[in-house]
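So the structure is just underneath, and the comments pick up after that.
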Amino acid sequence: MKIKDIIAAREKPFASLEIVPPLKGVTKDELLDSIRPFMEFKPPYINVTCHRDEIEFRPGPGGTFTRHTVRRRLSETAVCASIQDAFDVEVVPHLICGGATAEQIGDTLSDFKFMGIENIMALRGDSLLGEKRFTPEPGGYRYASELVAAIRSFGRENGTEFCIGVGGYPEKHFEAPNMETDIANLKRKVEAGADFIITQMFFDNAHFYEFRDRCRFAGISVPIIPGLKPLSSARQLESIPDLFSLDIPQDLVREMQAHADDKAACYRIGLEWCSEQCADLLRNGVPAIHFYTMGRPDNTVEILKRFF
Ligand code: FAD
């Protein structure tokens, strides 16, 4: 079922989940066991992230270096196929522009069509490590809006219509000069054919409400689904802002730092903070909440128990 139809038919807000494909070597049973705890809450769909191959330079003879393409994780296609096979849930593979030509993206779309996948998240992807700005693959796409248009055109040519999600940034995408420009660029993705928006995680709901208002004012009318992640350790106070270019509110930072040596306390603090965000979002009319599980089912499961 298409996510836009799931949203339209909902009787109450629902939870969706995002998982990262495991590193190579993890077995199918291990993957499915890590997802099983979520299934009790009947999520209508599970997103599976997509990761660009990394480039490694390995030393060779005589001081030379050779370039190698390294893939550390299983592909989102393999992971989606396993989940589809095991559980009654829609899978939403992420598709990125980075590292792929238009032809390669077309091949992946053919696989998705073959698998009966109806929903795709279309993203640009990040720059390679050490690259200052994102560089598109020669013959590939520069912006997610181009990818959305390509998915729409693939659908027309192949008699299929994917429901397409795109990313939105309540605290602005770090490359955009200001929020107004970033929202104008988000609108381009919707005009190219996106059906819904899932936001980057945020830890202060005020950012989300302001973003939602600005999107509506700009004429973006598709559903906007907030993305949340419960923090689980004091270490994430550094890694999360660094990885996702966002702010963590001072009250949360202060509370976690005060218990930095107590793992259980930090886990609890992150869980309670995210629960309060969740309760507030549900009071404020969101259609769904998307949880970034990032390899940790336990805290998300606890929140699902409380609200869904
Ligand atoms: P775009 O929408 O293309 O925007 C990128 C930047 O370019 C923005 O600053 C935007 O304002 C600007 N821009 C857009 N269009 C134009 C234009 N026409 N002219 C000038 N500027 C423009 N990354 C992964 O690698 N794999 C994943 O699975 C993944 N999943 C994600 C899921 C969600 C919900 C979100 C929010 C992000 C995800 N990301 C993922 C991260 C994402 O790939 C990065 O944030 C990336 O830097 C931007 O992707 P985008 O799709 O938002 O890009």
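Whatever order the structure lists ligands and atoms in, that order sets their numbers, starting from 1.
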> Taking all non-hydrogen atoms of both residues, which atom of Leu271 and which atom of Asn299 are closest, and how far apart?
Replying inline: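 The answer is CD1-O, 3.3 Å.
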Which atoms of ligand 1 sit under 4.0 Å from any heavy atom of [X]?
X	answer
His173	5 (C), 6 (C), 8 (C), 9 (O), 45 (O), 46 (C), 47 (O), 48 (C)
Ala176	9 (O), 11 (O)
Gly167	36 (C)

>> Side chains of Tyr209 and Asp280 only: does a donor on one sit below 3.5 Å from an acceptor on the other?
In response: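 Their side chains do contain a donor-acceptor pair, which is all the 3.5 Å distance test asks for.
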> If you measure only the distance, is there a donor-acceptor pair under 3.5 Å linking the side chains of Glu18 and His290?
Replying inline: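 Yes - a donor-acceptor pair under 3.5 Å links their side chains.
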Does even one non-hydrogen atom of [X] get within less than 4.0 Å of ligand 1?
X	result
Tyr141	no
Phe134	no
Gly227	no
Lys189	yes

>> Can you tell me how far apart CZ (Arg212) and CZ (Phe208) are? Round to the nearest 0.5 Å.
In response: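 If we round to the nearest 0.5 Å, Arg212:CZ and Phe208:CZ are 5.0 Å apart.
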> For the atom pair CD1 (Ile6) and OG (Ser16), what is the distance rounded to the nearest 0.5 Å?
Replying inline: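 Interatomic distance, Ile6 CD1 to Ser16 OG, rounded to 0.5 Å: 9.5 Å.
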Using distance alone, decide if ligand 1 has a nitrogen or oxygen within less than 3.5 Å of any nitrogen or oxygen in [X].
X	value
Thr49	no
Ala144	yes
Gly168	no
Met121	no
Glu175	no
Asp182	yes
Gln200	no

> Looking at side-chain heavy atoms only, is the closest gap between Met256 and Leu231 below 4.5 Å?
Replying inline: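 Met256 reaches Leu231 side chain to side chain.
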Is ligand 1 under 4.0 Å from a heavy atom in the side chain of [X], in the backbone, in both, or in neither?
X	result
Asn185	side chain
Arg188	side chain
Arg124	both
Tyr292	side chain
Ile96	side chain

Nearest to [atom], what protein heavy atom do you find, and at what distance?
atom	value
atom 23 (N) of ligand 1	Gly125 CA, 4.1 Å
atom 45 (O) of ligand 1	Tyr169 OH, 2.7 Å
atom 24 (C) of ligand 1	Cys50 O, 3.7 Å
atom 20 (C) of ligand 1	Tyr143 OH, 3.3 Å
atom 31 (C) of ligand 1	Leu123 CD1, 3.5 Å
atom 44 (C) of ligand 1	Asp126 OD1, 3.3 Å
atom 30 (N) of ligand 1	His94 ND1, 3.0 Å

>> Let's go through Thr181 and Asn178 carefully: what are the C-alpha distance in whole Å and the side-chain angles of both, what is the deciding distance for side chain to side chain donor-acceptor pair (under 3.5 Å) to 0.1 Å, and is it a yes or a no?
In response: CA-CA 6 Å; Thr181 308; Asn178 55 49; 2.7 Å; yes
> Pick from Val92, Ile19, Thr293: which one makes a side chain to side chain contact (heavy atoms under 4.5 Å, CB included) with Ile46?
Replying inline: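 By the side chain to side chain contact (heavy atoms under 4.5 Å, CB included) criterion, Ile46 pairs with just one of Val92, Ile19, Thr293: Ile19.
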>> Is the distance between the ring centroids of Phe244 and Phe202 under 6.0 Å?
In response: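 No, the ring centres sit 6.0 Å or more apart.
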> Do any N or O atoms from the side chain of Lys24 and from the backbone of Arg71 form a donor-acceptor pair under 3.5 angstrom?
Replying inline: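 Checked: pair present.
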> Distance-only, no hydrogens or angles: does the Asp204 side chain make a donor-acceptor pair with backbone N or O of Asp247 under 3.5 Å?
Replying inline: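 No, because the side chain of Asp204 does not come within donor-acceptor range (under 3.5 Å) of the backbone of Asp247.
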> Does the pair Phe291 and Phe41 meet the rule for a ring pair (Phe, Tyr, Trp, His ring centres under 6.0 Å), with working shown?
Replying inline: CA-CA 13 Å; Phe291 290 95; Phe41 306 96; over 10 Å; no
> Is the shortest distance from a Lys or Arg side-chain nitrogen in Arg142 or Glu146 to a carboxylate oxygen in the other one below 4.0 Å?
Replying inline: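 No, no charged N to carboxylate O under 4.0 Å.
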> Salt bridge between Glu56 and Arg72, side-chain N to carboxylate O under 4.0 Å?
Replying inline: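 A salt bridge is present here (some side-chain N lies under 4.0 Å from a carboxylate O).
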>> With side chain to side chain donor-acceptor pair (under 3.5 Å) as the criterion, how do Arg306 and Ser275 come out once you've worked through the C-alpha distance, each side chain's angles and the decisive distance to 0.1 Å?
In response: CA-CA 8 Å; Arg306 292 181 187 183; Ser275 294; 2.8 Å; yes
>> Here's a test for you: under salt bridge (Lys or Arg N to Asp or Glu O under 4.0 Å), which of Lys4, Lys113, Lys2 qualifies with Glu161?
In response: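 Answer to the salt bridge (Lys or Arg N to Asp or Glu O under 4.0 Å) test with Glu161 among Lys4, Lys113, Lys2: Lys4.
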> Is atom 53 (O) of ligand 1 less than 4.0 angstrom from some protein heavy atom?
Replying inline: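 True for atom 53 (O) of ligand 1.
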